[in-house]
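Let me begin by presenting the structure, written as structure tokens, before commenting on it.
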There are 2 protein chains.
Amino acid sequence: MMDRTYKDIQQITLAVDCIIFGFNDNRLEVLLVHRGFAPEKDRWSLMGGFVGNHEDLDDAANRVLKDLSGLEDVYMEQVRTFGKAKRDPYERVVSTTYSALILKDKYNKELIEEYRAKWFPIDELPDLIFDHKDMVDSAIRRLQRRVRTFPIVFNLLPDKFTLPQLQKLYEGIFQEEMDKRNFRKKLATMDFLIKLNEKDMSESKKGAFLYRFDEKKYNKTKNFTI
Amino acid sequence: MMDRTYKDIQQITLAVDCIIFGFNDNRLEVLLVHRGFAPEKDRWSLMGGFVGNHEDLDDAANRVLKDLSGLEDVYMEQVRTFGKAKRDPYERVVSTTYSALILKDKYNKELIEEYRAKWFPIDELPDLIFDHKDMVDSAIRRLQRRVRTFPIVFNLLPDKFTLPQLQKLYEGIFQEEMDKRNFRKKLATMDFLIKLNEKDMSESKKGAFLYRFDEKKYNKTKNFTI
DNA sequence: GTCGAAAATGTTATATATACACTTACAACC
DNA sequence: GGTTGTAAGTGTATATATAACATTTTCGAC
């Protein structure tokens, strides 16, 4: 902060936009809202909102997410701030993006309908307003980096999940196929992945064993890389 | 952006703060300014400034850096945005941080004196105002990640530099010593590091060969990891 | 009891990372 | 001009991580 007085400083509308990721049908998807109002009526956008004058930036992002999904205590990270003067052609708005990882079957469907929101696979995004496509892209790139060294993907899965599911999720995030044996070899070294005596029979005749992520055990060593 | 009108939205003072890195005396340092004005008079802070109403956020960061250093076209990256409502106890200010890599002997010394700025090694920082210590820490962590996969350290070195210098720089960034032979083995695989027929005799009797980073050659392959 | 479909499993080759010690060049000094 | 001190420069062996690749198992459906 330099030596100007705090008076007469120009103020700017500050917003947050959420890139909400979900794992559906073995694909990584993003939740988008359909704008029912001008400007840019009937186009798709990220879920966003303005930051209150006495509201923490992080809190604003959580509030916006809760308004749409009904969810609280969601895994969320700030991604970056988009601040081009002309990024919103109607008004000067600077927007900080947050990436959220949610569980598809936990969100509130009525709220989502109310906002006319829809899930889109990340490789089939519709046309988005303003710079929202750049926002999604940077969030995906960040997610791709983060999931290599932090066990955050479990936020996208139910408590019990199978290894084929987990692999499909990583493949959806990286947008590339992985070798099953090498993938499992890495997971086998991680003692915080607990194999249960239960199978999920819904995806195959043989059934796949269910696993659980033990966060406490993970916190002891915190070594994780895919 | 959700369905509120654009009217009556609260506006917030937006700032940028620059974490300016330099490599001096074989150490990684940060340039800080001494506040000569209230509030927080006589404490140290990052160089910052407010964002103009019609100014791109990136442009604001570049302007602030130029005001202090006289430098333009500096390597700069956005780091993250600090938005706690009470982070500045006097007024609501949201600040986006930018990390800059500058060359020590190129900046404008008069400007720096005018602002009462001073270089501090990153492991000997003074007490900083507000959340500026967190800002520096997150910029250092980001820098540590970035220099592993992008050849950005050359922004901290003169056009011609020696391998011992380069290694000292990496050691300063990582805050740990590295093995000379393994370090050079990696560099030897990079054909965009051009060995010159010149030695720098200032640091040793034997002298160390000077090298040059060839950006065009780098751009052909773009493979770089330390 | 045969078939089909997905789950589960190991080995080898290659690449990368780590650990480690001596020789060389040159200025400074006697 | 010979000795000394200091930093520059160099190679090899070992351990670890990554990548490539095919068969067997299970069980429901028919």
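Note on naming: letters A, B, ... go to the chains in the order of the sequence lines (proteins, then strands), and numbering restarts at 1 for each one.
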Residue list, side-chain contact (heavy atoms from CB on, under 4.5 Å) with B/Lys109, at least two apart or on another chain: B/Tyr107
How long is the line joining CD of B/Glu176 and C1' of C/dA17, in whole Å? 14 Å
Provide, to the nearest angstrom, the distance between the CZ atom belonging to A/Phe183 and the C1' atom belonging to D/dC21. 18 Å
So which protein N/O to nucleotides 11-17 of chain D N/O distances come out below 3.5 Å?
{"from": "D/dT12", "atom 1": "O4", "to": "B/Lys185", "atom 2": "NZ", "distance (Å)": "3.0"}

side-chain contact (heavy atoms from CB on, under 4.5 Å) filter on B/Thr97, not counting sequence neighbours, yields B/Asp17, B/Ile19, B/Val79, B/Arg80, B/Phe82, B/Met135
Tell me, which pairs form a side chain to side chain donor-acceptor pair (under 3.5 Å) where one or both residues lie in residues 192-215 of chain B, sequence neighbours left out? B/Lys160-B/Glu198, B/Asp200-B/Ser202
Measure NZ/A/Lys180 against C1'/D/dA19 and give the value in whole Å, please. 17 Å
Over how many whole Å does the gap from B/Phe209 atom CZ to D/dT10 atom C1' extend? 13 Å
Set of residues satisfying ring-ring contact (aromatic ring centres under 6.0 Å, His included) with respect to B/Phe209, sequence neighbours excluded: none
Kindly calculate the angle separating the two end axes of the helix from C/dG1-D/dC30 to C/dC30-D/dG1, each obtained from five base pairs, and round it to 10 degrees. 0°
Sequence neighbours excluded, the answer for side-chain contact (heavy atoms from CB on, under 4.5 Å) partners of A/Glu72 is A/Lys66
With a cut-off of 3.5 Å and sequence neighbours excluded, list every side-chain donor-acceptor pair involving residues 185-194 of chain B.
{"from": "B/Lys185", "atom 1": "NZ", "to": "B/Asn182", "atom 2": "OD1", "distance (Å)": "3.3"}
{"from": "B/Thr189", "atom 1": "OG1", "to": "B/Lys186", "atom 2": "O", "distance (Å)": "2.6"}

How does each nucleotide of nucleotides 24-29 of chain C score, in 5' to 3' order, for protein heavy atoms under 4.0 Å: base (B), sugar-phosphate only (S), or none (-)? BBBB--
Which pairs count as salt bridge (charged side-chain N to carboxylate O under 4.0 Å, His left out) when at least one residue sits in residues 121-146 of chain A, sequence neighbours excluded? A/Arg27-A/Asp123, A/Arg27-A/Glu124, A/Arg43-A/Asp127, A/Glu77-A/Arg142, A/Glu77-A/Arg146, A/Arg87-A/Asp131, A/Lys133-A/Asp137
Hey, does the side chain of B/Glu177 reach the backbone of B/Glu171 with a donor-acceptor pair shorter than 3.5 angstrom? no
Hydrogens and angles aside, do B/Tyr98 and B/Asp58 bring a side-chain donor and acceptor to less than 3.5 Å of each other? yes
Set of residues satisfying side-chain contact (heavy atoms from CB on, under 4.5 Å) with respect to B/Glu113, sequence neighbours excluded: none
May I have the distance from B/Arg184 (atom CZ) to C/dA19 (atom C1'), rounded to whole angstrom? 17 Å
Would you mind listing every ring pair (Phe, Tyr, Trp, His ring centres under 6.0 Å) that reaches into residues 135-154 of chain B, with sequence neighbours excluded? B/Phe154-B/Phe161, B/Phe154-B/Phe213
